[in-house]
Amino acid sequence: MSIEKKATRLVPAPSYGLLPERDVNARPVLEARNLGIEFGGLHAVEDFNLVIGKTEIAGLIGPNGAGKTTVFNLLTKVYQPTMGTILVNGRDTVGMTTAQASKMGIARTFQNIRLFSNMSVEDNVRIGLHNQIRYGMFTGIFRLPAYWKCEQRMHERSMELLSIFDMQDLADHKAGSLPYGAQRRLEIVRALATNPCLLLLDEPAAGMNPHETEELMENIVKIRDSFKIAILLIEHDMKLVMGICEGICVLNYGKIIAKGTPEDIQNNPTVIEAYLGKRKEA
Amino acid sequence: MKKRNKRMTDKLITFGIVIVAFIFCQIMISTGNMSRSLRGQLIPICVYIVMAVSLNLTVGISGELSLGHAGFMSVGAFSGIIAAMWMHKGIGVENQVLCLIFAIVAGGIFAGIAGVLIGIPVLRLRGDYLAIVTLAFGEIIRNVMNCIYISLDGQSLHFGFVNPNLPGKLLLNGPAGTTGIVKMSTFPMAFALVLLTLLVVLNLIDSRNGRAIMAIRDSRIAAESVGLQVTRYKMMAFVTSAVLAGMAGAIYGLNFSTVTAAKFKFDTSILVLVFVVMGGIGNIRGSVIAATLLTVLPELLRAFSDFRMLFYAILLILVMLVGNNPTLRSMVLRIIPRRKNQSQDGEVN
């Protein structure tokens, strides 16, 4: 609610985009400008500039400890940035809480899965729908007609969402008892339930076998096409990143060292150096 | 939909048990088969069921260890007594049921206000710190109650803090507690409160808001990331629990001719917590059963006279040990196949 009341400011953006030619006139979904955070004296992320257009699949890669997850935590307001601006659909998100950022349309999954593990699969998705389908506390306690109507709608919608990954049959299982891959998929479904415009995936393919990864790649593209949302993903599996990302951003020691299409990145000497080290001169 | 039905049956079983127990008690009373001491226990049993179920909402469902639950009971008891006495003697309403209902509502409202006031600072804390601060608040409420004097003069109430010289007749006499209460609590009313509590808590858990409360318990960060306002839902659970405890307190207070603040000390909070832990944290039906058995138990152990509380403690320890014994558990699981599936689910994670 309070977000609506706040004065929005549209800021003309110089193109920091991964694929600037693609969304040249459209307002980007996400725009991070000079974003940075300092922990004590440590610059975990510094001067981070990124623009993601509507329906773009972008990748964020980098060696371990480069600050990728920190960027996600900044974008979702788990950490408040100490420098720079984040604009979501042109609106400044300064001072917002994680919950407010979610209402702005940023959804995420976690590197180490954070499901509501004691609750059923369907309830996990229903919690994602929490801000979409609402009724009050008294309606819930005294089971007024609105309760039944909303619960029915929630049930239908969550089944629809679970069907993306063919998980309808698992709806009654406890989320914590699902196999690892299914838990990762459920996290994505839960994030999608919040009706986002930008989905942040933190290592979606971690712990998956090549076959599952293949399936996941297809599904990510499918999600983008059917929900018309932008996706930013952190991933170490280069096959997945190079396979589906349209733009890639490489992070090392909290700084962007390269941006571009997968081909650019593969041939970029700085990136190769960051990952493999310098070739010794003979 | 299958699971929806299972939840419904679970709920109906809980209500069924309580209602059957109530009818059984009523038959026993009317045929004169119930001993005097047990009959005196009926209202406290109902009160403690409400206390245990409401504390389970905080401890089990919301996942915050609260050690000051007796404080809310105390606020409810005193405000309920004053409200009932004012209505009965001040305004002159003869109908005691009406006075009692008014007292319950007043007790709930005042305990709810106390819950909001305490919740604002307390719910910023987590884990052990929260437990310690709730403990402190429970003690603060008790000590404040020891200093309050309230008198009834005609239709008007007079309040005094550390000052007993008030016009009219004293209703609340500081550390000496309330005096001259008309005992209004009846077993059917206490039972109705049990039903109301079960309805509120069970339906709350199985609704949008209850799911949010449980989600925050399971993973605070994930809950925030899907847009839940953590403080709001913690507050909802905490205040609901306080309101129910206040209502229970009102019935409890009007069951005795004198009530002192010392009745609602730390021990009472712990006693209710014991009910919750024995019945299973997060298990509402368990709380009902544990509260009933453990309230009756000291009476049944009267035969051991001085060693009564010793046996009570030993029994508690035994139940805990037996409940966690893997051999016994597997035996029970073999008998009840439905639970077996659930436990296998548990083993996977």
Side-chain angles (χ1 to χ4, degrees), chain A residues 72-73 76-78 97-104 106-110 113-120 122-124 126-143 147 150-151 154-155 171-179 183 187 190-191 193-196 200, chain B residues 1-8 11 57 60-61 63 196-233 235-237 239-240 243-244 281-283 341-349:
Chain A
F72 270 26
N73 284 336
T76 54
K77 293 285 169 177
V78 174
T97 62
T98 309
Q100 284 169 324
S102 156
K103 280 177 202 161
M104 294 282 286
I106 299 182
R108 74 174 291 187
T109 66
F110 295 87
I113 301 171
R114 288 179 198 269
L115 285 171
F116 308 121
S117 45
N118 292 321
M119 304 170 75
S120 76
E122 192 188 330
D123 280 351
N124 269 269
R126 280 170 187 240
I127 288 169
L129 293 169
H130 189 86
N131 287 323
Q132 257 67 182
I133 302 171
R134 7 182 19 141
Y135 56 83
M137 184 185 174
F138 286 94
T139 315
I141 288 177
F142 296 107
R143 298 284 135 112
Y147 167 85
C150 290
E151 287 291 310
M154 275 190 184
H155 174 72
D172 292 342
H173 286 63
K174 224 171 88 176
S177 69
L178 292 181
Q183 292 198 13
E187 249 201 331
R190 185 183 66 189
T194 64
N195 193 22
L200 308 175
Chain B
M1 278 295 113
K2 198 181 75 202
K3 190 189 56 181
R4 174 57 36 85
N5 289 337
K6 202 186 135 255
R7 271 191 200 154
M8 205 61 135
K11 225 182 275 180
L57 183 62
I61 308 302
L196 176 75
T197 306
L198 286 175
L199 180 88
V200 168
V201 173
L202 289 174
N203 278 353
L204 179 66
I205 292 170
D206 187 21
S207 78
R208 171 177 172 270
N209 298 302
R211 277 195 296 269
I213 292 167
M214 289 189 279
I216 290 164
R217 171 196 67 190
D218 278 4
S219 171
R220 188 190 167 101
I221 290 186
E224 279 180 328
S225 85
V226 293
L228 303 185
Q229 291 151 294
V230 171
T231 322
R232 183 195 151 111
Y233 288 105
M235 194 63 125
M236 186 183 279
V239 173
T240 309
V243 167
L244 292 172
I281 290 176
N283 183 344
N341 289 332
Q342 279 179 355
S343 94
Q344 274 172 352
D345 277 357
E347 274 158 23
V348 174
N349 67 61

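Excluded from the calculations below are hydrogen atoms, water molecules and symmetry mates; all remaining heavy atoms, backbone and side chain alike, are included. Throughout, a chain's letter reflects where its sequence line sits, starting with A, and its residues are numbered from 1.
- The residue among B/Ile221, B/Val201, B/Thr240 with the most heavy atom pairs within less than 4.5 Å of chain A is B/Ile221.
- Annotation: the span from B/Met214 atom CE to A/Ile127 atom CD1 amounts to 7.5 Å, rounded to 0.5 Å.
- Judged purely by atom type and a 3.5 angstrom limit, A/Tyr135 uses its side chain to pair as donor or acceptor with the backbone of B/Arg208.
- For chain B, the nearby part of A/Ile133 is the backbone; its heavy atoms alone come within less than 4.5 Å.
- Contact count against chain B (heavy-atom pairs under 4.5 Å) is highest for A/Gly140 among A/Ala191, A/Gly136, A/Cys150, A/Gly140.
- The minimum heavy-atom distance between A/Ala99 and B/Leu228, with the atom names listed, is CB-O, 3.6 Å.
- In terms of heavy atoms, A/Lys103 sits closest to B/Gly227 at CE-O, 4.0 Å.
- Atom CD of A/Glu187 sits about 8.0 Å away from atom OG of B/Ser225, to the nearest 0.5 Å.
- Listed here is the closest heavy atom pair of B/Ala222 and A/Arg114: CB-O, 3.3 Å.
- Most heavy-atom pairs under 4.5 Å with chain B, from the set A/Met137, A/Met154, A/Arg108: that is A/Met137.
- Contact of A/Thr194 with chain B is made through the side chain alone, with heavy-atom distances under 4.5 Å.
- Judged as a side-chain hydrogen bond (donor to acceptor under 3.5 Å, both in side chains), and not counting sequence neighbours, the contacts of A/Asn118 are B/Asp218.
- Taking CD1 of A/Ile113 as the reference point, atom OG of B/Ser219 lies at 11.5 Å (rounded to 0.5 Å).
- Although no hydrogens or angles enter the test, the distance criterion places a donor-acceptor pair under 3.5 Å between the side chain of A/Arg143 and the main chain of B/Asn203.
- From B/Leu196, atom CG reaches atom CD1 of A/Ile141 across 9.0 Å, with rounding to the nearest 0.5 Å.
- Separation of atoms CD (B/Gln229) and NE2 (A/His130) is listed at 7.5 Å; rounding is to 0.5 Å.
- Contact between A/Ser102 and B/Val226 at its shortest, heavy atoms only, is OG-C, 3.3 Å.
- The candidate from A/Phe116, A/Phe138, A/Phe142, A/Phe110 with the greatest count of non-hydrogen atom pairs under 4.5 Å with chain B is A/Phe116.
- Qualifying side-chain hydrogen bond (donor to acceptor under 3.5 Å, both in side chains) partners for B/Asn209, counting only residues two or more places apart in sequence or in other chains: none.
- Neither the backbone nor the side chain of B/Ile205 comes within less than 4.5 Å of any heavy atom of chain A.
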